[in-house]
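We count residues from 1, following the sequence as given. Excluded from the calculations below are hydrogen atoms, water molecules and symmetry mates; all remaining heavy atoms, backbone and side chain alike, are included.
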Amino acid sequence: YSLQIASYPALASAQMAINDHDKKDLPLYWVRADLKKKGVWYRVFAGYFKTPDEADKFRKKHGLKDALLMKTKYAPPPCR
């Protein structure tokens, strides 16, 4: 599981969001998502968790109240 914290139609925007959040020392990464008719979007995720409960604790600890819990197959190392 990971927390989706944002989604952007431009890669540069996703990268800027990661840089902005870098000050909070969050383990962030982006994923390219082809949404067919809506086009390609870049989703920004935080963390990789074994359970939804772990993700929820992380969300609360870091004040990510609007983050969406997503079941992810894997998470790459954080972008830095």
Side-chain angles (χ1 to χ4, degrees):
Y1 296 91
S2 292
L3 295 170
Q4 181 181 330
I5 61 169
S7 186
Y8 302 95
L11 176 57
S13 297
Q15 291 170 327
M16 284 186 356
I18 288 172
N19 290 339
D20 289 345
H21 282 87
D22 197 34
K23 298 169 190 130
K24 298 178 184 177
D25 198 30
L26 298 176
L28 302 178
Y29 64 98
W30 60 266
V31 173
R32 182 182 186 272
D34 186 348
L35 304 178
K36 305 297 179 206
K37 290 184 180 181
K38 292 183 180 183
V40 172
W41 283 70
Y42 298 88
R43 295 175 175 171
V44 178
F45 289 93
Y48 181 69
F49 311 95
K50 292 181 181 179
T51 67
D53 189 50
E54 282 181 17
D56 195 47
K57 288 177 184 175
F58 183 89
R59 178 187 354 223
K60 289 175 183 174
K61 177 181 176 182
H62 293 282
L64 301 171
K65 63 180 180 167
D66 296 327
L68 302 173
L69 178 65
M70 304 283 284
K71 188 167 186 171
T72 52
K73 293 181 182 181
Y74 70 95
C79 298
R80 295 279 179 217

| said: Applying side-chain contact (heavy atoms from CB on, under 4.5 Å) to L35 and V40, what does each step give before you reach the verdict? | reply: CA-CA 6 Å; L35 304 178; V40 172; over 6 Å; no
| query | Between CH2 of W30 and OG of S13, what distance do you get to the nearest 0.5 Å? | reply | 12.5 Å
| Test log, rule side-chain contact (heavy atoms from CB on, under 4.5 Å), inputs D56 and L69 | CA-CA 8 Å; D56 195 47; L69 178 65; over 6 Å; no
| message | Suppose we screen for ring pair (Phe, Tyr, Trp, His ring centres under 6.0 Å). Which residues come up paired with Y1, at least two apart in sequence or across chains? | response | none
| said: Show the nearest heavy-atom pair for residues Y8 and A14, with the distance to one decimal. | reply: CD1-CA, 3.6 Å
| message | Measuring from atom OG of S2 to atom CE of M70, what distance do you get when rounded to the nearest 0.5 angstrom? | response | 9.0 Å
| field | Expected output: side-chain R59 to main-chain A67 donor-acceptor under 3.5 Å | value | yes
| query | Aromatic rings Y29 and F45: how do their planes relate, parallel, tilted or perpendicular, breaks at 30° and 60°? | reply | parallel
| task | Could you tell me the separation between the CG atom of L68 and the CZ atom of R43, rounded to the nearest 0.5 Å? | result | 9.5 Å
| remark: CG (L3) and CG (D66) are apart, to the nearest 0.5 Å, by 11.5 Å
| query | Applying the side chain to side chain contact (heavy atoms under 4.5 Å, CB included) test to F58, which of K61, K60, E54, H62 qualifies? | reply | H62
| request: Go through I5 and L28 one step at a time and tell me if the side-chain contact (heavy atoms from CB on, under 4.5 Å) criterion holds. | output: CA-CA 9 Å; I5 61 169; L28 302 178; 3.7 Å; yes
